Protein chains: 2
Amino acid sequence: MSEESAKISRATLSDVCRHTGLSTATVSRVINQTGNVKAATVKKVMDAIAQLGYVPNHAARALAGQRNKMIGVVFPEISTGFWAEILKGLDAEADDHQYHILTAFSHGGQDERELALRLLGEGRIDALVVMNLRLGKDFMQQAGRFNIPVILIDRPIAGLETASVTLDNVTGACQAMTHLYEHGYEQVVILAGDLETYDARQRLMGCKKAAKAAKVAWDDRLVVASSFTEEGGSRAIDTWFKQSVKPPRAIFCFNDNIAIGAMNALEKRGFAVPDDVAVIGFDDIDSARHLKLTTVHVPVLEMGRAAANAAIQVISNQAFNKQQVLPTQLVLRRSCGCLVEAEQKVCAG
Amino acid sequence: MSEESAKISRATLSDVCRHTGLSTATVSRVINQTGNVKAATVKKVMDAIAQLGYVPNHAARALAGQRNKMIGVVFPEISTGFWAEILKGLDAEADDHQYHILTAFSHGGQDERELALRLLGEGRIDALVVMNLRLGKDFMQQAGRFNIPVILIDRPIAGLETASVTLDNVTGACQAMTHLYEHGYEQVVILAGDLETYDARQRLMGCKKAAKAAKVAWDDRLVVASSFTEEGGSRAIDTWFKQSVKPPRAIFCFNDNIAIGAMNALEKRGFAVPDDVAVIGFDDIDSARHLKLTTVHVPVLEMGRAAANAAIQVISNQAFNKQQVLPTQLVLRRSCGCLVEAEQKVCAG
DNA sequence: TTGTAAGCGTTATCAT
DNA sequence: ATGATAACGCTTACAA
């Protein structure tokens, strides 16, 4: 209950001053390496700091200096492994620059717009990274009010010149389709996930591009929408078999979860991957490797790093690539029929 | 380069005062709901706040009020999916109490002791959650200096009465082994991961307990150490085959990665799971489900929630369960030979 | 090269 | 029920 807390109060700047006989200004200069301090003085201060175990108080710094050394990150509730890796990248990059990451997930039923806006208002972050799925132009405008840079991961917002880190969805999809065409499969069924999403639309463009290049006639009936889940994948396959007894010869799924669901459904019906059906996914989640699924690799960690880096650059007024597009890579495994063994090969994009 | 930033400075407390003609004290009272304010005044203030779009400045609050509404989390560099889920739990619980999570991963080559200590010193967190793998008693003592509660995830520290959220490793391992014994396999090989770790040692205790209960003679030679990785698992299998042409009839791995590596190695040698070898893992990562691996489920999200909850309780001086131990569950899938199909069953622990 | 002192935006203790 | 005002620990002109 009531613990006698022996308040060993932390050392403060003035403690260091007292200890060294110097002024706050000088000590502050040493700490922030603002130059114009005698080497001997620096040493004296450093020694005192070490001796007292002094660590600058963050709140005071933020209040006085208007900088938090903190980047906020708002994520929607999405597949675990994916954002975990992004976050890792964000944190790694932030850490390299002595920044911290403040997470804010929109857990079920919460509005991520409100979440983001509150975070911006509290003034505890210097920049905001948003994994933007539902947020639009109006949000960006509201956010602009706070004068805090916002970096978008995943897709830019049409008609707005916002900083963003995105994926080359078009080329990624094109690589996958081209690969299947090169296998000789002319009829490729596309399990396209949610066609309302930016990703799906971009990837579809990539597919069409590939078809054109391969001189394959485009057939809209081969595009099957679903949710971006395993269940979506298996349902899509079920739907297919309502109008055909034979499975498609090749399938390209707009994410790995769909692919996994589809493969399960196919196997349940006695069809083998890749012998009866070739399958390619998108994302390259952990399970893709385990299931030997050929897929389009997404450099998730790098997206995180790039986003944090962009944030830090804006904060410090440095020039940077405002609209960054990261490349994908086709990773060849067993499911497309290329490799019989577990080995994998990377097709540079 | 130089953007003309039209500094729309945020509204402050004094702006609200000016707008209402009230003092900072009164406005503060309204904001913090400290009572003793006329209803009419409250309304006046609320209106002004809404009108000005006022959001309390965090740094100032922290500085003046000594509370950050923030929980720091230090993680070592470990398998992605695992901590992602923990973090999700942490954030969910924190969010429920209007707290935020500040992440700090020890990226390669960084000392998490130092990381944690710095975080504690900066005074920007009200509590620290540590996924503690290498940290010991001395760390806890140093941390104690800062007078900030520390919650340990994953293992308690011997000889110290620290708040911790841990797993019932003993029962978990016991469940798995018992299940294999019930299958009739008397010789169960144990791929035990890194025996220096707390987890491995606890799980080994569980195994011995199961053996005793099943009246199976314990044989230390069946315990094979390795790293907690896929490679560790496949190497362990390779080692086995140096002294035997036949595979073990049953294997219990101390995590899923080891199990996956082991299964791969077995299949490469032409042995089938579960027909030739029964395999059980530990953790229940995503891939375990996909690979139909029977495994001991770890309630990762709940661990995160419990940790954040413990943190918040300590902060607010509420009584709580200091040493929390979460239960595991054996999840039956195909790899142990129980279920031929993809179905899974949960064995309550 | 170093020191002085005025904030930064709150909270909280006194008065009133 | 409300108002002054002193912290909180630091940064940063401006002086010296």
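The figures here come from the full heavy-atom set of this structure, side chains too, leaving out hydrogens, waters and symmetry mates. Just so it is clear, the structure is predicted and the values come from calculations on it, not from any experiment.
- Base engagement by A/S28 is indicated by at least one non-hydrogen atom pair under 4.0 Å involving a base atom.
- The distance between atom CG of B/L13 and atom C1' of D/dG3, rounded to the nearest whole Å, is 14 Å.
- The interatomic distance linking B/E122 (CD) with D/dC8 (P) rounds to 21 Å, in whole Å.
- Note: A/L13 CG to A/R61 CZ = 9.0 Å, rounded to the nearest 0.5 Å.
- More than 12 heavy atoms of other shown residues, nucleotides or ligands fall within 6.0 angstrom of atom CD in B/Q141.
- Between A/N57 and the phosphate of D/dC10, there is no side-chain N or O to OP1/OP2 separation shorter than 4.0 Å.
- At whole-Å resolution of the value, CZ in A/R61 and C1' in C/dG9 are 19 Å apart.
- In this structure, NE2 of B/H58 is placed 12 Å from P of C/dT10, rounded to the nearest angstrom.
- For B/T12, no side-chain nitrogen or oxygen approaches OP1 or OP2 of C/dC8 to under 4.0 Å.
- Residues from residues 43-50 of chain B with heavy atoms under 4.0 angstrom of DNA chain D: there are none.
- A donor-acceptor contact closer than 3.5 angstrom is absent between the side chains of B/S164 and B/T166.
- Atom pair B/K69:NZ and C/dT11:P shows a separation of 12 Å (rounding to whole Å applied).
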Contacts under 3.5 Å, N or O only, protein and nucleotides 3-7 of chain C:
{"unit_1": "C/dG3", "atom_1": "OP2", "unit_2": "A/S23", "atom_2": "N", "d": "3.0"}
{"unit_1": "C/dG3", "atom_1": "OP2", "unit_2": "A/S23", "atom_2": "OG", "d": "3.3"}
{"unit_1": "C/dG3", "atom_1": "OP2", "unit_2": "A/T26", "atom_2": "OG1", "d": "3.0"}
{"unit_1": "C/dG3", "atom_1": "O6", "unit_2": "A/R29", "atom_2": "NH2", "d": "2.5"}
{"unit_1": "C/dA5", "atom_1": "N6", "unit_2": "A/T24", "atom_2": "OG1", "d": "3.0"}

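- When each of B/S14 and A/V37 is assigned the nucleotide of DNA chain C bearing its nearest heavy atom, the one mapping closer to the 5' terminus is A/V37.
- Contact of the A/P299 side chain with the A/L326 side chain is registered, since non-hydrogen atoms from C-beta on lie closer than 4.5 Å.
- The nearest whole Å value for the distance from the CG atom in A/D15 to the P atom in D/dG9 is 9 Å.
- The CG atom of A/N32 sits 13 Å away from the C1' atom of D/dG9 (whole-angstrom rounding).
- If you check C/dG9, C/dT2, D/dC10 against the side chain of B/A60, the one that comes closest is C/dG9.
- One can place CZ of B/R67 at 12 Å from P of C/dT10, the figure rounded to the nearest angstrom.
- Annotation: salt bridge (charged side-chain N to carboxylate O under 4.0 Å, His left out) contacts involving residues 16-41 of chain B, sequence neighbours excluded, comprise B/D15-B/R18.
- The backbone N or O of B/K69 sits less than 3.5 Å from a side-chain atom of B/D126, completing a donor-acceptor pair.
- Considering only heavy atoms from C-beta on, B/L87 comes within 4.5 Å of B/F75 through its side chain.
- A sub-4.0 Å separation between OP1 or OP2 of D/dT2 and a side-chain N or O of B/N36 is absent.
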Is there a side-chain contact (heavy atoms from CB on, under 4.5 Å) between B/M131 and B/V74? Walk through the geometry before answering. CA-CA 6 Å; B/M131 174 110 192; B/V74 171; over 6 Å; no
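- For the pair A/L90/A/R305, no side-chain contact is recorded, criterion being any heavy-atom separation below 4.5 Å from C-beta on.
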